[in-house]
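Shown next, in structure tokens, is the structure this report addresses.
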Amino acid sequence: MYSDKVMDHFTNPRNVGEIADADGIGEVGNARCGDIMKLWIKVDGDVITDIKFKTFGCGAAIATSSVITEMAIGKSVTEAEQITNQQVAEELHGLPAVKMHCSNLAAEALAAAIEDYRKKAAADSAS
Amino acid sequence: MYSDKVMDHFTNPRNVGEIADADGIGEVGNARCGDIMKLWIKVDGDVITDIKFKTFGCGAAIATSSVITEMAIGKSVTEAEQITNQQVAEELHGLPAVKMHCSNLAAEALAAAIEDYRKKAAADSAS
Amino acid sequence: MTEIYMDHAATTPVRPEVVEVMLPYFGTEFGNASSVYGWGRRAHQALDQARDTVAELLGAASNEIIFTSGGSEGANLAIKGVAWAYQTKGKHIITSAIEHHAVLDTALWLKKHGFEVTILPVDEEGFVSPAEVEKALRPDTILVSIMHANNEVGTIQPIAEIGAIVRKHGAFFHTDAVQTAGVLDLNVEELNVDLLSLSAHKFYGPKGVGTLYVRKGVRLDPLIHGGAQERRRRAGTENVAGIVGLAKAFELAREERVAENARLTKLRDRLIEGLQTIPSSKVNGSLSQRLPNNVNVCFQYIEGESMLLNLDLRGIAASSGSACTSGSLDPSHVLLAMGLTHEIAHGSLRLTLGRDNTESDVDFVLQEIPVIVERLRKMSPLYQG
Amino acid sequence: MTEIYMDHAATTPVRPEVVEVMLPYFGTEFGNASSVYGWGRRAHQALDQARDTVAELLGAASNEIIFTSGGSEGANLAIKGVAWAYQTKGKHIITSAIEHHAVLDTALWLKKHGFEVTILPVDEEGFVSPAEVEKALRPDTILVSIMHANNEVGTIQPIAEIGAIVRKHGAFFHTDAVQTAGVLDLNVEELNVDLLSLSAHKFYGPKGVGTLYVRKGVRLDPLIHGGAQERRRRAGTENVAGIVGLAKAFELAREERVAENARLTKLRDRLIEGLQTIPSSKVNGSLSQRLPNNVNVCFQYIEGESMLLNLDLRGIAASSGSACTSGSLDPSHVLLAMGLTHEIAHGSLRLTLGRDNTESDVDFVLQEIPVIVERLRKMSPLYQG
Ligand SMILES: Cc1ncc(COP(=O)(O)O)c(C=O)c1O
Ligand SMILES: Cc1ncc(COP(=O)(O)O)c(C=O)c1O
């Protein structure tokens, strides 16, 4: 049902954890649907230098969270922001149809984290 | 589906044929239902001395015709008249349920032959 | 006594090659195809593969294939499924007088539930007329169901032509292909059908498993509600062994089809020719548009079952009318619809050939039947021979 | 890697003794049970014998037994069959919130067709209250359908008590016994049921075959119309091999039932005890009225599928909620009906034991699960461990 790449990321998820002094935090999903993703990013200049995640969810949810951390790291926030759920699924060599909508929230979680980073940065420069 | 006794009478039917100078002839059933029985009887005194049948019909129809000829021969017409379809079925060690109504007409054929005999006898004595 | 089986339209033995591919799914590969772990995934793969095979053989897409428990369920699902799903669009259904009871009785049941049913007549060879179908079609006709080939007399209907007419009028078209699957080329595009049902045990697969093809876009209310199997159109834990067996049997039949049909046609024609020499006999059905394995003859003055019993005593397995309704005493509704009288219809004999039949089987049958017919006629009050 | 199968509520392997009795009916004894000749009569005899066996095991008469294609068809036939046959008497049906979808979805479909459906709640252990059934019964109630034991949490309902109430009010009573057939004693008299459905593949028989018991006098509209099989209540060429297999498997299960249940209960309790030591875990379902092979636990903060995948990677086959609906993303409707929150219901794990499981299997599972739970919790944003 899952590709080898999904299983690889599920079995050995990259960048699990939290960042204590994160520059941005994004959280999407809810327990009702069975998927919650939380992403922490560290930004230096405009570049994402560190990223960590925690996920409550199925195999697809964990694998998408893991793979997006690899996709985002080293990218500028503007680039990272443009990653779509579709690209995440492709990076994992596809996801089962039933998982495409609910469990593929990683791009949204990343976007939320970047938005949070932007808000904080704006607040910082305003203060 | 059929008892051994049914199969015996079906395979080796007794008294098949016609009686040219019969004292009574009975015919029941119709081709629409798939069963027609015709019985010829010869009566001496009050006793059935000979009996023959022809049947268009299924295995049960042929076997019941055959067995009733054996049951009736040597009996007085009054006794023979009292043979029921149920007795015919019992004599054959039973019939499949689906065959009990349609193909078990032999007693009726015999009764019809006896009625015919009575009518003729009455006509003869009246003339 | 050698036993000769000539009732392949009733059912067929499962081929050893088919049993072989089924066996693992009883044992080591017994998983539920809905489960996520290894056993479940392997069962699911087996289903996917069977589905692809069947789809390809029908010229269909895999997601247009529903596995059922046989031909009867397939016909019921097709007809009730479309009827309930489209009842707001229309309530008129068209079928023919010679359909299998799985179609006819389903249509009549729907009639009790507010649907209107038109039952088309057939001609003396058993053909449904495409022109009659066109005349019967109405704006509120939602479904037409005409069988591909008849199980009793073997007449093959002009399905592609009827399908084109039905499509033009915007109704859906189901064909009961239970007797043609594995025998004729079944391409759903060429046949112009929207739904097609078949049953594995008629082509050397297992009993209790069948297929309903449903064209993409045709909605169906499920007949069996419950789990999410078969894309929510047929609930129930999938009969993996049976489905794998169906696909294998279908594949084998279609590979061997052309050569086997040629062989059977020769045997069939030899049988027909031989039986026609019996006085007061009549071959039923079309001689040109006929299943390669079907022989159906009426012998006047005698009744079918007594003939079958005599044949059985000589080791020959045959049928009189449809095996499914042999519990009934009515003569075949198919023969009556073709204009035969009750009396003659009662005397019908069906011989359907198969893989195991040889020329010497045919010759043995041709030797026995005249004797039996003669014997029974001598007993018959209708015969003035 | 050793593979441990602990999903016997989803399906079971066919026992070799069962496959063995089935095999002849694929090959030499392939006849259509409706045919009059030798092959047909022998197939018919095999059916009769299977029917007698099943009837006896249920405390029923042979003519009260209908063979189906499985549990889902059985439930659909029972519910739709009674509903259509008695719709002029009344249109009210009662069932419970924790039924299998084969029952629930059927009832909901009938609702679309003008029937009224009352869905009874359950308590936190999954019990339907007989008093609630009595309150829900109305003069126009024609059918009540309550499952014998739940497939997810294993809670066994007070069927005999509910049945007595239903009978007093003049409605018919169906129980879905798919999870209890072969496990509990099923006597239709003692259970006070009018209809009872079961499925062979849950007790080491083949997939695609089941039984519906229908008490004499209860009328049913067929679900599958057509031939005269099963006394006109279920058309279609009989799956002789499958039916013979069902009877054999049922017989074996009932012979071994008492000893096997004792063995399984011990394993089950060992599992439950071990899993309860994991923090923030909760056993679902009744502890006293429970299937001997069922374990169902929720682990807070983690999600079921990711647990199943991890177990699969360690060679352990288990389930989360019902296998039939694992295509869905909703948590179990059973756990929600028992009052669990969505969040907790998503973290459920079902382990169902069977003939092949040993104490060392249990110990291996008890060693693996805490590691997996810990690992997933560490990844979970909900866990503040
Ligand atoms: C309680 C219950 N009812 C009905 C069914 C349906 O049975 P089947 O899959 O054989 O159709 C199942 C199993 O899937 C079940 O567990
Ligand atoms: C033309 C036709 N349709 C439908 C059926 C029903 O198929 P099944 O017995 O597999 O349900 C049959 C055979 O019995 C048939 O010959």
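So that the names make sense, note that chain A is the first sequence line, chain B the second, and so on, each numbered from 1.
- In terms of non-hydrogen atom pairs under 4.5 Å with chain C, the most contact-rich of Lys112(D), Gln87(D), His201(D) is His201(D).
- Between Ser320(C) and Glu305(C) the shortest side-chain heavy-atom distance does not fall below 4.5 Å.
- Looking at Ala317(C), the atoms closer than 4.5 Å to chain D (heavy atoms on both sides) sit in the backbone and in the side chain alike.
- Contact of Glu3(C) with chain D is made through backbone and side chain together, with heavy-atom distances under 4.5 Å.
- Proximity to chain D (any heavy atom under 4.5 Å) is restricted, for Ala318(C), to the backbone atoms N, CA, C and O.
- Across all non-hydrogen atoms, the minimal contact from Thr106(C) to Ala102(C) is OG1-O, 2.5 Å.
- Of all the listed residues (Leu104(C), Val103(C), Asp221(C)), the one sharing the greatest number of non-hydrogen pairs under 4.5 Å with chain D is Asp221(C).
- Between His333(C) and His101(C), the gap from one ring centroid to the other is short of 6.0 Å.
- Counting only distance, with no hydrogens or angles, the side chain of Glu99(D) and the backbone of Met147(D) share a donor-acceptor pair below 3.5 Å.
- Interface summary for chain D: among His225(C), Lys80(C), Lys207(C), the most heavy-atom pairs under 4.5 angstrom belong to His225(C).
- Qualifying salt bridge (Lys or Arg N to Asp or Glu O under 4.0 Å) partners for Arg41(D), counting only residues two or more places apart in sequence or in other chains: Asp312(C).
- Figure legend: Arg234(C) and Phe67(C) shown without cation-pi pairing, the cationic atom not lying both under 6.0 angstrom from the six-membered ring centre and within 45 degrees of its axis.
- Contact of Tyr5(C) with chain D is made through backbone and side chain together, with heavy-atom distances under 4.5 Å.
- The residue among Val19(C), Leu308(C), Leu223(C), Val209(C) with the most heavy atom pairs within less than 4.5 Å of chain D is Leu223(C).
- Under the salt bridge (Lys or Arg N to Asp or Glu O under 4.0 Å) criterion, Arg15(C) pairs with Glu17(C), Glu256(C), sequence neighbours left out.
- Looking at Lys202(C), its side chain does come within 3.5 Å of a backbone N or O of Ala9(C) through a donor-acceptor pair.
- Highest contact tally toward chain C, considering only Ser69(D), Pro206(D), Pro222(D), Gly210(D), is held by Ser69(D) [criterion: heavy-atom pairs under 4.5 Å].
- Between chain D and the options Gly242(C), Gly70(C), Ser72(C), the largest number of non-hydrogen pairs under 4.5 Å is found for Ser72(C).
- The backbone N or O of Gly354(C) sits less than 3.5 Å from a side-chain atom of His8(C), completing a donor-acceptor pair.
- Aromatic ring centroids of Trp109(C) and Phe115(C) lie 6.0 Å or more apart.
- Comparing Ala75(C), Gly31(C), Pro16(C) by how many heavy-atom pairs each has under 4.5 Å with chain D, the most go to Gly31(C).
- Proximity to chain C is limited to the side chain of Asn76(D), based on heavy atoms less than 4.5 angstrom apart.
- Contact of Thr28(D) with chain C is not made at all, since no heavy-atom distance falls under 4.5 Å.
- Leu23(D) touches chain C through its side chain: at least one heavy atom from C-beta onward sits under 4.5 Å away, while N, CA, C and O do not.
- Neither the backbone nor the side chain of Ser199(C) comes within contact range of chain D; no heavy atoms are under 4.5 Å apart.
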